[in-house]
> 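Below: one structure in structure tokens.
If you read the sequence from its start, that first residue is 1, and numbering goes on from there. For ligands, and for the atoms within them, numbers begin at 1 and follow the listed sequence. The structure presented is a predicted model; accordingly, all values stated were derived computationally and were not measured.
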Amino acid sequence: MKRSKILGVGHSLPDRIVTNEELSEVMDTNNEWIVERTGIEQRRWFTPGVDTVTSLSKKASLQALERAGIEASELDFIVFATITPDYYVPGNGVLLQRELGIPGIGALDIRNACSGFIYALSVADQFIKTGMYQRILVVGAEIQSSGLDKSDEGRSSAVIFADGAGAVVLGTSSDENSGILSTHLHADGTYAEELYCKDPGSSREDRFSQELFDSGSFFLKMNGNVVFKHAVVRFIEVINEALKANNLSKENIDLLVPHQANLRISQYIQQKLEFPDEKVFNNIMTLGNTTGATIPIALSEAWEQGRIKPGDLICLAAFGSGFTWASALLKW
Ligand code: COA
């Protein structure tokens, strides 16, 4: 069976930098609390009228295509991970496809929040392995800031989430020893309401009523403690699962790129795995948590900084709303 491989990676961020000090002017929070609990010092938020999920993902995709050395017209398919599409319907894959000027190819949206990019990568990997497609654009992009509750009530989520986009071009590997070795996907819907956005839910008499707006049910709600406790267990579990499936041990990993949920979660995982700093990539300090976009943005930044080299064993891992969690092991 063919193996798939990342041929190029890119990312794009909105220009607007939002510091912790700026947030403390609109809600009851402060720099010390945010840095101590989350590690975040600043994040990027979009500018209305300038950035869209489509425009950010287009820039990320063009960079990934350029680095892969292929034209958009050579793509066979798009898999787009986002929970914050520009339109409620249709999904964002078709909007990106239109912007890239490649009508006709299929475009699929994935709604698995923080694990969305690894789910998307896994779907693309299956299509390439079976020979159905040769070149797939896999995207993770979000604009979270427009949907955050920026009052005191929403502060524990509002300080965490942010905006940005990342993309990879997945193609067929010419070397059977390099590329995606395996992906591992999990979910437990028991915890669906621990991190969720209830409305506009369809099972409502009037899903866009003023009453619902006023109740705050359109905002993302997070039970931070529960998320934290499950995340630290599942991250370790799913990383070990990937290693075991490939008869590898943690010492073989050159770089772990965890979903940027919270710096404390990444540090806990690092400590459990007994990894030195150079083996874990974090950028949440400056970019916040961009949900489905954190992993491709981190991959792109790590690649730019020379922290990913040909032949390196890279482990991607994520946990988030659902709960869902996932990992991917790849030889660069
Ligand atoms: N600024 C200042 N104080 C805040 C605050 C903020 N932004 N948000 C919450 N607080 C307050 C709380 O109201 C609470 O006050 P109280 O003790 O007077 O009741 C206090 O800080 C502690 O709140 P708590 O929620 O227990 O803090 P925590 O240590 O659990 O940290 C999170 C909160 C959200 C940072 C933490 O639970 C977390 O990171 N969880 C994981 C979240 C995550 O990774 N989400 C993404 C998943 S993909």
> Looking at non-hydrogen atoms alone, which of Gly224, Cys114, Gly39 comes nearest to atom 36 (C) of ligand 1?
Gly224
> Give yes or no for whether the N/O distance cutoff of 3.5 Å, strictly under, is met between Asn262 and ligand 1.
yes
> Can Asp312 and Lys331 be counted as an ion pair, charged N to O under 4.0 angstrom?
no
> For ligand 1, which is the ligand I care about here, please tell me if Ile160 has any N or O atom under 3.5 Å from one of the ligand's N or O atoms.
no
> What part of Ile34 sits under 4.0 Å from ligand 1 if we count only heavy atoms: the side chain, the backbone, both or neither?
neither
> Report the nearest protein non-hydrogen atom to atom 14 (C) of ligand 1: residue, atom name, distance rounded to 0.1 Å.
Arg155 NH2, 4.7 Å
> Between Trp33 and ligand 1, does any nitrogen or oxygen pair lie at a separation below 3.5 Å?
yes
> Taking Thr294's backbone N and O only, do any of them form a donor-acceptor pair with Thr290's side chain (distance below 3.5 Å, no angle check)?
yes
> What part of Thr291, side chain from CB on, backbone N/CA/C/O, both or neither, has a heavy atom under 4.0 Å from ligand 1?
neither
> Using distance alone, with no hydrogens and no angle criterion, decide if Lys221 and Ser157 have a side-chain donor and acceptor under 3.5 Å apart.
no
> Is it true that Arg43 and Asn20 share a donor-acceptor pair across their side chains at a distance under 3.5 Å?
yes
> Does the protein put any heavy atom within less than 4.0 Å of atom 40 (N) of ligand 1?
yes
> Could you give the distance from CE (Met285) to CD (Gln42), rounded to the nearest 0.5 Å?
10.5 Å
> For atom 17 (O) of ligand 1, is the nearest protein heavy atom under 4.0 Å away?
no
> Kindly state if atom 12 (C) of ligand 1 has a protein heavy atom within a strict 4.0 Å cut-off, that is, under 4.0 Å?
yes
> Can you say whether the rings of Tyr191 and Phe323 are parallel (under 30°), tilted (30 to 60°) or perpendicular (over 60°)?
parallel
> Is it the side chain, the backbone, both or neither of Arg264 that has a heavy atom closer than 4.0 Å to ligand 1?
neither
> Does one side chain, of Ser249 or Glu251, offer a donor that lies under 3.5 Å from an acceptor on the other?
yes
> Counting only heavy atoms, tell me which of Asn30, Asn225, Thr29 gets closest to atom 30 (O) of ligand 1.
Asn225
> Under 4.0 Å from atom 48 (S) of ligand 1, can you find at least one protein heavy atom?
yes
> Output the list of atoms in ligand 1 that are nearer than 4.0 Å to some heavy atom of Phe319, sorted by atom number.
48 (S)
> Quick check on Glu74: does its CD atom have over 12 non-hydrogen neighbours (other residues, nucleotides or ligands) under 6.0 Å away?
yes
> Indicate whether any N or O donor in one side chain lies under 3.5 Å from an N or O acceptor in the other, for Asn92 and Thr54.
yes
> For atom 34 (C) of ligand 1, which candidate among Glu32, Arg37, Met222 provides the closest heavy atom?
Met222
> So, Asp199 and Arg207, do they make that salt bridge, N to O below 4.0 Å?
no
